[in-house]
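Note that ligands are numbered from 1 as they come in the structure, with each ligand's atoms numbered from 1 the same way. One is the number of the first residue; the rest follow in order along the sequence.
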Amino acid sequence: MRKKIVILWLLTGMLACAPTNPQKIADPLQKAPQKVFAKNIILMIGDGMGLGQITAGMYSNNNRLNLEQFPVVGLQKTHSYNHLITDSAAGATAIACGVKTYNAAIGVDKDTLPVQSILEEASEKGLRTGMIATSTIVHATPAAFVAHRPLRNMYEYIADDFLDSGIDLFIGGGLKYFNQQRKGDKSLLPKFQQKGFMISGIANDDLLDLNLSSTRKLAYFTSNDTPIPAASGRDYLPTASYIAAKFLDRGNKNGFFLMIEGSQIDWGGHANDTKYIISEVKDFDEAIGKVLDFAKKDKETLVIVTADHETGGFAINPKSKMNEINGAFTDSYHTATMVPVFAYGPGAELFNGIYENTAIHTKMRMALGFDEVETGTTTETRN
Ligand code: MG
Ligand code: ZN
């Protein structure tokens, strides 16, 4: 933003010296650069979703993905503080909190000190907040948005941190980290109820049958442990994405921040299983379609779709045909290939170009007006 203003200033200086009728030249400074704040952000993370995974999903879906509707595409560098190859914990912490940290860190910096996440900051500033995942909700990617722990496998401690995060809605697996199955028999669920949460899921109600008008906070557990793959019948992500956006938006002037993770694209990569990758990308893309439906009607929502890293060094090899992908892998772990960032809605243009994963945090703060934004003559912030 600052660079743009300097360029405009230089430009007007140059034009002033040129032997032209000044009245015919529009003064770019007369029109301050337009300040575009997004009221809401929906950040969608396809875990392990590199270009190969996206392409395989597209060519397995008759050459069509909802992702093609995004007008802005950028690339992010995923390396962590201590490794060229990141893990999901460090990758999510970079996006959520804006710091490069060591692999396995959850919402803490390289010295294990806690760093506030965009979700926590949004909640503090009066926005409503939520998360949805197709893993357990305490798994690395969602964890980095609400928890501050030195190691990603501290699942019960991460569950504790949900209580203080200010989050209004979460949907995902992992009930066993919240109820009486916890070590020492100390269920957290009564504490969530005291905070006004409606608690549901699993054997109880279908998400669509819940009477959500009677509550402002929702904890919905889709499974006791890890949710099943989409190919085995898991289908809640698209519906949950739309319901969550409507739920957080209802009667809310301040806006919301919602993180949605397609968690299992990564697991398909680790398993070197092309079909697993494709079914998870298709499921995630269906959720992207639902989110775009919401954003198109709402017009004040910035939608960002990206990944934390690529998994498997996945390639689409010769002998592949439309709807018949011959996938190949270089490894069963993550790779350091840059991953794409897609943006739609107010502030989308911020996501053009090539940048570090930590810049996504900065750009989201700018889009929400959390950062001071210079507009040429005045400095304005979101109130
Ligand atoms: Mg994940
Ligand atoms: Zn992984």
Can you tell me if, anywhere in S263, an N/O/S atom lies at a distance from the Mg ion (ligand 1) that is smaller than 2.8 Å?
no
Per ring-ring contact (aromatic ring centres under 6.0 Å, His included), F162 is matched among F170, Y177, F197, F145 by F170
Give a yes/no answer: is there an N/O/S atom of D47 under 2.8 Å from the Zn ion (ligand 2)?
no
Taking both backbone and side-chain atoms into account, decide whether H334 has an N/O/S atom under 2.8 Å from the Zn ion (ligand 2).
yes
Please answer whether the main-chain N or O of N66 pairs with a side-chain N or O of D285 as donor and acceptor at a distance below 3.5 Å.
yes
Quick one about S263 and E261 (side-chain donor to acceptor, distance below 3.5 Å, no hydrogens or angles considered), yes or no?
yes
Do N357 and K100 get their side chains close enough for a donor-acceptor pair, meaning under 3.5 Å?
yes
Does any N, O or S atom of E261, backbone or side chain, fall under 2.8 Å from the Mg ion (ligand 1)?
yes
Distance only, no hydrogens: is a donor on one side chain within 3.5 Å (strictly under) of an acceptor on the other, for H148 and E120?
yes
Any N/O/S of D47 under 2.8 Å from the Mg ion (ligand 1)?
yes
